[in-house]
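Below, read A as the first sequence line, B as the second, and so on, with proteins coming before strands; counting in each chain starts at 1. Basis for what follows: all heavy atoms, side chains included, without hydrogens, waters or symmetry-related copies.
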Amino acid sequence: MCDFPFFSLVCTGEIFELKAELNSDKKEKKKEAVKKVIASMTVGKDVSALFPDVVNCMQTDNLELKKLVYLYLMNYAKSQPDMAIMAVNTFVKDCEDPNPLIRALAVRTMGCIRVDKITEYLCEPLRKCLKDEDPYVRKTAAVCVAKLHDINAQLVEDQGFLDTLKDLISDSNPMVVANAVAALSEIAESHPNSNLLDLNPQTINKLLTALNECTEWGQIFILDCLANYTPRDDRESQSICERVTPRLSHANSAVVLSAVKVLMKFMEMLPKDLDYYGTLLKKLAPPLVTLLSAEPELQYVALRNINLIVQRRPEILKHEMKVFFVKYNDPIYVKLEKLDIMIRLASQANIAQVLAELKEYATEVDVDFVRKAVRAIGRCAIKVEQSAERCVSTLLDLIQTKVNYVVQEAIVVIKDIFRKYPNKYESVIATLCENLDSLDEPEARAAMIWIVGEYAERIDNADELLESFLEGFHDESTQVQLQLLTAIVKLFLKKPTETQELVQQVLSLATQDSDNPDLRDRGYIYWRLLSTDPVAAKEVVLAEKPLISEETDLIEPTLLEELICHIGTLASVYHKPPSAFVEGSRGVQHKRLPGSAGSADSPDTGSAAGVSEAPPAVIPSQGDLLGDLLNLDLTPPTTSGPPPAPSSGMQMGAMDLLGGGLDSLVGLLHLGGDLGGSPAMGAGFGAPPTAMPASFPPPVSGGLDDLFDLGGSVGITDLVYVQIWLPAMKAKGLEISGTFARRAGVIQMEMTLTNKAMSIMTDFAIQFNRNSFGLAPAGPLQVLTPVGPNQSIEVALPLSTVGPVMKMEPLTNLQVAVKNNIDVFYFSSQYPISMLFVEDGKMERQVFLATWKDIPNDNEAQFQIKDCHLNSDAASSKLQGSNVFTIAKRTVEGQDMLYQSMKLTNGIWVLAELRVQAGNPNYTVSTVHVRYIGLTGLVSSDLLPHADRRAAA
Amino acid sequence: MIHSLFLVNASGDIFLEKHWKSVVSRSVCDYFFEAQERATEPENVPPVIPTPHHYLISVLRHRIYFVAVIQSEVPPLFVIEFLHRVVDTFQDYFGVCTEAAIKDNVVVVYELLEEMLDNGFPLATESNILKELIKPPTILRTMVNTITGSTNVGEQLPTGQLSVVPWRRTGVKYTNNEAYFDVVEEIDAIIDKSGSTITAEIQGVIDACVKLTGMPDLTLSFMNPRLLDDVSFHPCVRFKRWEAERILSFIPPDGNFRLLSYHVSSQNLVAIPVYVKHNITFREGSSQGRFDLTLGPKQTMGKAVESVLVSSQLPRGVLNANLNPSQGTYTFDPVTKMLSWDVGKINPQKLPSLKGTMSLQAGASKPDENPSINIQFKIQQMAISGCTQAGQTL
């Protein structure tokens, strides 16, 4: 052993000995010597000094010796590039050998010698081998291309090897196909945009054929490659699924998981009411369960993936709870993962079982596991409301065990339960307080302090308890300090008389004696609040807190979608997108699940399809308006000049899809609404838009004008583009022009009545036909004075939304009748949808998250907005002006995602996700997604359709 | 793809390394050693460990860690499956997979690894093919080789490698043609205090040993194929036929192989063939506890229950146990508090029992845990799931 320099002499001796043996004439001796060299090499000894001697042994007809020398070469060629050239001749000769084994071996080894000079000589033999008659050589050569690409990418491209490789996908031998796919995938990883794997139905078909016949490893490569393909329609995706399904019964778990990935992705394309969809769901469960009986390492990876799958499609495994029960001899990493999945699968049906299990786990030996089990009980309580009581009593039992870490964990989760179910379980506080002294972990102490502060009025000695914590204030962690400060302030606000001293003490501790800026700031804020306005302080500090939900630990939907595309990979193990951790992430493309395109055509939204097929240019549909709204809001307001009509025309085409979606949404809505009212109105539903009288003059820019006013600067009438609703020649001299606006929460119809006739007009009255949102005049038309010839009068008519409802086409169409002393006149106009967005359209974050997840995919529409020059913040504030509220903002890989909600006057919520790609102001594309959920109620305000707009710019 | 492989023994030494692409310094294993130190038990080392530039995926088999180094996004299951395949191959070649065996055959190991993986892509992992490429070392062959100067390395391209049935080589000849099928079932059950089954599931495999001449095409049918709804097959099984007719039709590999494995889930009723009567009590204030355990057979269809092994993790407060088995031997490890009792065969006439006292830590409060009891046993010629074979044809 050469571990010490002192022995280097001995080592040199060893080397000499080997040298002599290598140069021996006897074949046997040579071979033994090379074996010894290899043996030293494998344990990490440096035997590079023997390079020339070993290379001399290369020219032999003994295959074993040749292999051994090749092994040596691969390891040391890099360190001795000049010497390695000596080997080239032999390689080239071997590539011509009649034995395919030797040809393949030579090509394989040459690729492993990472010396630039050698690669030049490699090209010719490689080209020959790629076209070799023997498939074994061809498949080895295919891999060699990938090796060569790794060493010298340019060379591979210049020599045209990539095209040859692509040709191999059509090879007759499945193994060659599999290796070609593997090689291409590896090369494509470093060339994200090269479009090397150009998948089309023909190649897919070839791959699927090869899939059945190649080895298990080949199947993995092919399946992973298939997962990158996006089928054209649901039929194609079904046929691929059918051909992939048999792989689920493969003995190799990697094949199984890759197949699951393909199926999970392509399933998105299948309509949900298809029989095959249900069959597929059923077929997915058994293989996943079987993965859990494999070796623990495989189980771990499988469990991480199952975690994703149950979040995306809980229905697959909902009956398989028992297989996730922890076994006593599972390694800890498997146990923890199983716990996670148990909670995800917990439901009212199985909660009793789950709780019984969790309670057992809480008495286990392993501390980490016990902690997580106790937490799990808390999460169950929050997730399944019916079980909350049982969970709490279980937790109390556990607290009685007095095992220190169990008690602490239990207190942390009970705090969360309090927040989820306020005023329900506070009776247990007394028990908690008994264990105050045993708490030594910051998180548990903070939780306990929070409980004491929050329920100070119910705990008689709250001040004493908090005072006891205060003694060691500076030794506490920041978390506890902050919590203590808040708790004492709460206590003071609840019992001001007894605790004045205490609050002063803590404030001075926090503000004067602490170095922590967070703590100091919070202290100052409280101090000022308390000293200036105790009432306000009470409102701020004791404000009602939003409820928490179990969704907090779920993976965010877009990330989940991406991860589902990466099932079976490292990304799925880490639950992070590949770009977050893979070296050279530039090469990573973002994968997305295929949009459920089928949903728009699926029978339940059949009317949507009808609408969206209608010619869009004639009548601006709802979607156009919504799109326009967004567009206009995002465009910097121009103080004068015509609205950007040309661009709006372009958008209309893009937003057609949405138009259909939202139209049908409200269509459905009104069908529901009409059930209670007049059934006859149902006839309006589903009528194609072309049925509308063509004589209506809907100026394309009309809607835009109104929006402009609303979106940009509310209240500046100068900017309003007034449109003429009723031309004078149609109404015996009465001209009505005007606009709609929402001012200070009131919807107004602002009209100018002009008398172009010769006689005086009096006795004005106005009436609306039934319309989509129940708009009706809130009062009579206030025209008190007669209007003389060539005189005009401006009048603002406040509108209410409690009138009779009927679905209009287009949705925002309003038919108005105006009467004067001469006659009754009819006209129709369209109002901007944004006028109906109410001021309290801001959804709670938790509610938003929960609702978002509840919305079925069918209720989702998506479109893009082009040519927006605003960044996300400006867009957000502009939209806020129109009562489109930003709930949350996240930045994911350079994309700003704004989550927004708005509420219509009839109680419909619209949820939207707006994506803005920063840094590309000149050309920006937005996608808007509309979601709405099924309708169950009879009255329109009970219906809660949700729409979600998604925009990527 | 798989970059490198390190073999690490229980004491944390790297005793073999193999690189398929550029050489990765063995210092990368330091991250693995860190994780190993953190883990309380050897089997608790997490299978996937991130390092700044690489990912380490490891499996633990036969007290050896097989640590694969990867650099790009690779399906971890693929790597883990491959590592298990490596271990199986070593075991196949050397009989055992130990550090000593690997070190003795380091050159064969190296040749094998080189054959199995090329540039990180698996090349040949079927043991049949590997054995044609590199002959397993035997004493006889070593002697013959030394005398004749021939080698362990096959000179010809293995015939099966590229055929439609890569798992079978051509030209197999036997004087005695025979085929054996073993159905092995393991039942995993959790039973509560009162004796009712909480969960029970059956993992079964059918291992085959086929020694037939030529290219035989076998079919195998079952009495009750309905039971096998969750199966994974050896690649040789024609899946379409199984789907349609529930008949296994295949061209078998030569020699030993696992034909299929299946899983009978807990939804089906499982009769547990053994019962345990237990009475474990601790008295308050006393430093003594009583221990009484009796085993008996139940629904074994007249088959003997053999190789019974009972183990139980006693509460931490137990210092020692003084027990008296009616048959077999028992051991108690005072450090891990693990009681194990090797019962042997259960005689239905005279039920085995283990009785005695346990001494507790003086002054400690009464342990309130109910120790869980694990029982392992074997019953020959019986399949719990009721899976029976109807017939086979050639």
Beyond-backbone contact of B:F233 with B:L248, side-chain heavy atoms, under 4.5 angstrom
yes
Applying side chain to side chain contact (heavy atoms under 4.5 Å, CB included), run through A:V137 and A:V107 and close with a yes or a no.
CA-CA 8 Å; A:V137 181; A:V107 149; 5.6 Å; no
Considering only heavy atoms and a distance below 4.5 Å, find which of B:I70, B:V237, B:N374, B:V109 pairs most often with chain A.
B:N374
Less than 4.5 Å apart, side chain to side chain, heavy atoms only: is that true for A:V326 and A:E357?
no
Do the non-hydrogen side-chain atoms of A:Y300 and A:V573 ever get within less than 4.5 Å of each other?
yes
Whether the side chain of A:D330 engages the backbone of A:V334 through a donor-acceptor N/O pair (distance < 3.5 Å, no angle test) should be reported.
no
Do B:F6 and B:F66 have their ring centres less than 6.0 Å from each other?
no
Segment of B:V45 engaging chain A (4.5 angstrom heavy-atom cut-off)
backbone
Looking at B:S58, B:S261, B:P50, which makes the most heavy-atom pairs under 4.5 Å with chain A?
B:P50
Engaged part of B:V74 at the chain A interface, taking heavy atoms whose separation is under 4.5 Å:
backbone
Okay, A:Y70 and chain B: the region with an atom under 4.5 Å from a heavy atom over there is neither
Engaged part of B:L60 at the chain A interface, taking heavy atoms whose separation is under 4.5 Å
both
Hey, can you tell me if A:Y574 and B:Y55 have their rings parallel, tilted or perpendicular (30° and 60° cut-offs)?
tilted
Distance, nearest 0.5 Å, that separates CG of A:L65 from CD of A:E32
10.5 Å
Side chain, backbone, both or neither of A:E186 within contact of chain B (heavy atoms, under 4.5 Å)
side chain
Top of A:Q219, A:K36, A:K327, A:R304 for chain B proximity - count of heavy-atom pairs under 4.5 angstrom:
A:K327
Is A:L68 close to chain B through its backbone or its side chain, or both, or neither, when contacts mean heavy atoms under 4.5 Å?
side chain
Heavy-atom distances under 4.5 Å only: say whether A:I332 touches chain B with side chain, backbone, both or neither.
both
Residue A:I220 versus chain B: region with a heavy atom under 4.5 Å:
side chain
Tell me, side chain or backbone of B:R258 under 4.5 Å from chain A's heavy atoms, or both, or neither?
neither
